Student: 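Okay, here's the structure, questions in a sec.
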Amino acid sequence: MGSACKYKDARVYYCDQCKTAYAEYRINDKDYCEECAKEYIQGVFNDLILLEQAELLGIYIDSIYK
């Protein structure tokens with residue numbers, strides 16, 4: 001088929017983290033596969049304090065001691 005092939009110049013994105021899997025997501029200008037995207041987002045979430053995590057999840061939390 002040569003130049004008539006629709007896949008000839010197809011773009012393929014690879015994960016910037018693991019360099020092997022097909023990238024499905026772009027976060028902050030970097031491409032990630034699903035597994036690496038989950039790992040990245042989980043790491044960001046874990047860096048938040050408890051009150052911030054609860055707020056993002058829509059969970060009401062309050063300190064007993066004020």
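Positions are given from 1 along the sequence. Note that these values count all heavy atoms, side chains included, but never hydrogens, waters or copies made by symmetry. Keep in mind the model is a prediction, meaning the values are calculated, not measured.
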Student: Please collect all side chain to side chain donor-acceptor pair (under 3.5 Å) contacts where either partner lies in residues 33-49, sequence neighbours excluded, each pair once.
Tutor: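 Found N28-Y40, Q42-N46.
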
Student: Counting only pairs under 3.5 Å, give me each side-chain donor-acceptor contact of residues 48-56, with atom names and distances, residues two or more places apart or in other chains.
Tutor:
residue	atom	partner	partner atom	Å
E52	OE1	I49	N	3.0
Q53	NE2	F45	O	2.9

Student: Tell me, which pairs form a salt bridge (Lys or Arg N to Asp or Glu O under 4.0 Å) where one or both residues lie in residues 24-33, sequence neighbours left out?
Tutor: R26-D31

Student: Tell me the closest heavy-atom pair linking C15 and A23, and the distance in Å.
Tutor: N-CB, 3.8 Å

Student: Under 4.5 Å between side-chain heavy atoms, hopping through other hydrophobics if needed: is there a path connecting Y32 to Y22?
Tutor: no

Student: Report the distance from atom SG of C36 to atom OH of Y25, rounding to the nearest 0.5 Å.
Tutor: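 The distance works out to 12.0 Å.
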
Student: Just grab all the ring pair (Phe, Tyr, Trp, His ring centres under 6.0 Å) pairs involving residues 47-66, residues at least two apart or on different chains.
Tutor: none

